[in-house]
Amino acid sequence: RKEIKEGVTKMKIDGAIFDMDGTLVDSLSVWEFIWAEFGKTYLNDENFRPSKEADKTVRTMVLDDAMEYIHKTCSIGSSGKELTAKANELLIIFYKEKAKLKKGALELLGYLEDKGVKMCIASASATELIEIALEACKIKKYFSKVFSCREIGKGKDCPDIYLEALKYLGTPLESTWVFEDSFVALD
């Protein structure tokens, strides 16, 4: 944390674009939560887990496609759409009750706010879920706008979401930082 503050102090920063999942909010356990709930609901087995290959595959897919894939490969639920609806219910519960703020995130956001840095969110998650997580983690006040890949129409493998966020912030490119944990997005 000290290194980040020193870096922020030494470098000019006028704007900050934050990813949410994995960067601000520790949400890595969301899939374990979904699998356990799917197991209870559809298989009477709270220890349900898809194969390692299936688990890895769905983590890179949009939710609709991931649930269709799980329906077909694991033979659970009556359709991918049914699983998507259930997963959406579970995601709301997860972000309201289980997701936690990453260590040091609150201090960094407070520091940036004190320095007058404009901040927004750029996430692959649905806007509704982002808003729920920001409220639950008590950090919504730091962000003036939320951008979602779903609304932009392109994933983080394209720069569009970051360019929209930069345009919104109105800060110079060279002094706008992106806080992101996805290798796909950083490429």
Side-chain angles (χ1 to χ4, degrees), residues 15-42 46 48-50 55 58-71 76-77 80-113 117-157 160-162 164-166 168-169 177-182 184-185:
I17 302 168
F18 280 89
D19 170 52
M20 186 186 69
D21 290 296
T23 303
L24 291 171
V25 176
D26 187 355
S27 55
L28 292 178
S29 63
V30 69
W31 287 106
E32 294 305 314
F33 176 69
I34 289 173
W35 300 145
E37 293 300 317
F38 275 12
K40 284 190 253 182
T41 302
Y42 298 105
E46 65 185 55
F48 164 75
R49 300 295 179 273
D55 182 68
V58 299
R59 291 172 189 246
T60 63
M61 301 171 99
V62 296
L63 190 62
D64 291 341
D65 294 343
M67 295 301 100
E68 187 64 39
Y69 177 81
I70 291 298
H71 168 68
I76 60 174
K81 286 184 180 191
E82 177 189 346
L83 294 182
T84 298
K86 181 66 174 173
N88 278 320
E89 291 173 18
L90 295 172
L91 286 167
I92 290 169
I93 293 167
F94 180 84
Y95 282 113
K96 278 184 179 178
E97 300 174 10
K98 300 191 179 298
K100 303 291 181 222
L101 197 58
K102 296 279 280 198
K103 185 176 181 181
L106 187 60
E107 293 84 0
L108 177 60
L109 294 173
Y111 179 81
L112 293 174
E113 180 185 50
V117 175
K118 296 178 182 177
M119 295 180 272
C120 67
I121 297 284
S123 175
S125 294
T127 303
E128 173 191 12
L129 298 175
I130 298 167
E131 295 286 350
I132 290 169
L134 295 177
E135 281 288 333
C137 292
K138 297 176 177 36
I139 58 171
K140 185 174 180 161
K141 71 175 190 163
Y142 295 104
F143 303 102
S144 57
K145 187 158 175 75
V146 168
F147 293 88
S148 171
C149 289
R150 293 179 186 189
E151 292 169 358
I152 300 293
K154 293 186 180 176
K156 286 191 170 182
D157 56 332
D160 299 61
I161 193 167
Y162 303 106
E164 286 292 322
L166 177 66
Y168 167 78
L169 290 174
W177 292 19
V178 175
F179 294 85
E180 175 66 65
D181 70 333
S182 169
V184 170

Closest heavy-atom pair and its distance - [X], [Y]:
| X | Y | answer |
| --- | --- | --- |
| Cys120 | Phe147 | SG-CE1, 4.0 Å |
| Ser27 | Gly22 | OG-N, 3.8 Å |
| His71 | Ile76 | ND1-O, 2.8 Å |
| Met20 | Ser125 | CE-OG, 4.2 Å |
| Gly15 | Leu169 | CA-CD1, 4.2 Å |
| Arg150 | Ala126 | NH1-CB, 3.3 Å |

Hey, what do you get for [atom1] ([X]) to [atom2] ([Y]), rounding to the nearest 0.5 Å?
| X | Y | atom1 | atom2 | value |
| --- | --- | --- | --- | --- |
| Leu108 | Phe179 | CG | CZ | 5.5 Å |
| Leu24 | Lys102 | CG | NZ | 9.5 Å |
| Thr127 | Glu151 | OG1 | CD | 3.0 Å |
| Asp64 | Lys81 | CG | NZ | 8.5 Å |
| Ile34 | Ile70 | CD1 | CD1 | 10.0 Å |
| Ile161 | Lys156 | CD1 | NZ | 6.0 Å |

| message | I want to check something: taking the side chain as every heavy atom from C-beta on, are Val58 and Trp31 in contact at a cut-off of under 4.5 Å? | response |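 They are in contact (side-chain heavy atoms under 4.5 Å apart), so the answer is yes.
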| So do Ile121 and Tyr142 actually touch side chain to side chain, heavy atoms under 4.5 Å? | no
| task | Given side-chain contact (heavy atoms from CB on, under 4.5 Å), test Trp35 with Asp55 step by step and report yes or no. | result | CA-CA 9 Å; Trp35 300 145; Asp55 182 68; 2.6 Å; yes
| query | Is it true that atom CD of Glu128 has more than 12 heavy atoms of other residues, nucleotides or ligands lying nearer than 6.0 Å? | reply | no
| field | Geometric class of the Tyr42/Phe38 ring pair [parallel <30°, tilted 30-60°, perpendicular >60°] | value |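 Judged by the thresholds at 30° and 60°, the geometry between Phe38 and Tyr42 is perpendicular.
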| request: Can you sort out the partners of Asp65 under side chain to side chain contact (heavy atoms under 4.5 Å, CB included), two or more places apart, ordered by chain and number? | output: Met61, Val62
| said: As a quick check of understanding, evaluate side-chain contact (heavy atoms from CB on, under 4.5 Å) for Ile139 and Phe18, giving each step before the final call. | reply: CA-CA 12 Å; Ile139 58 171; Phe18 280 89; over 6 Å; no
Show the atom names and distances, to 0.1 Å, of all donor-acceptor pairs under 3.5 Å that link a side chain in residues 91-101 to residues at least two apart or in another chain.
unit_1: Tyr95; atom_1: OH; unit_2: Asp21; atom_2: OD1; d: 2.5
unit_1: Tyr95; atom_1: OH; unit_2: Asp21; atom_2: OD2; d: 3.2

| message | If the condition is salt bridge (charged side-chain N to carboxylate O under 4.0 Å, His left out), which residues does Lys140 pass it with, not counting sequence neighbours? | response |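 Salt bridge (charged side-chain N to carboxylate O under 4.0 Å, His left out) list for Lys140, sorted by chain: Glu131, Glu135.
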| request: Measure from the side-chain N and O atoms of Lys118 to the backbone N and O of Ser144, and report whether any donor-acceptor pair falls under 3.5 Å. | output: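 No; zero donor-acceptor contacts below 3.5 Å.
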| query | Does Ser123 use its side chain to pair, donor to acceptor, with the backbone of Ser148 at less than 3.5 Å? | reply |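 Judged by distance alone, no pair lies under 3.5 Å.
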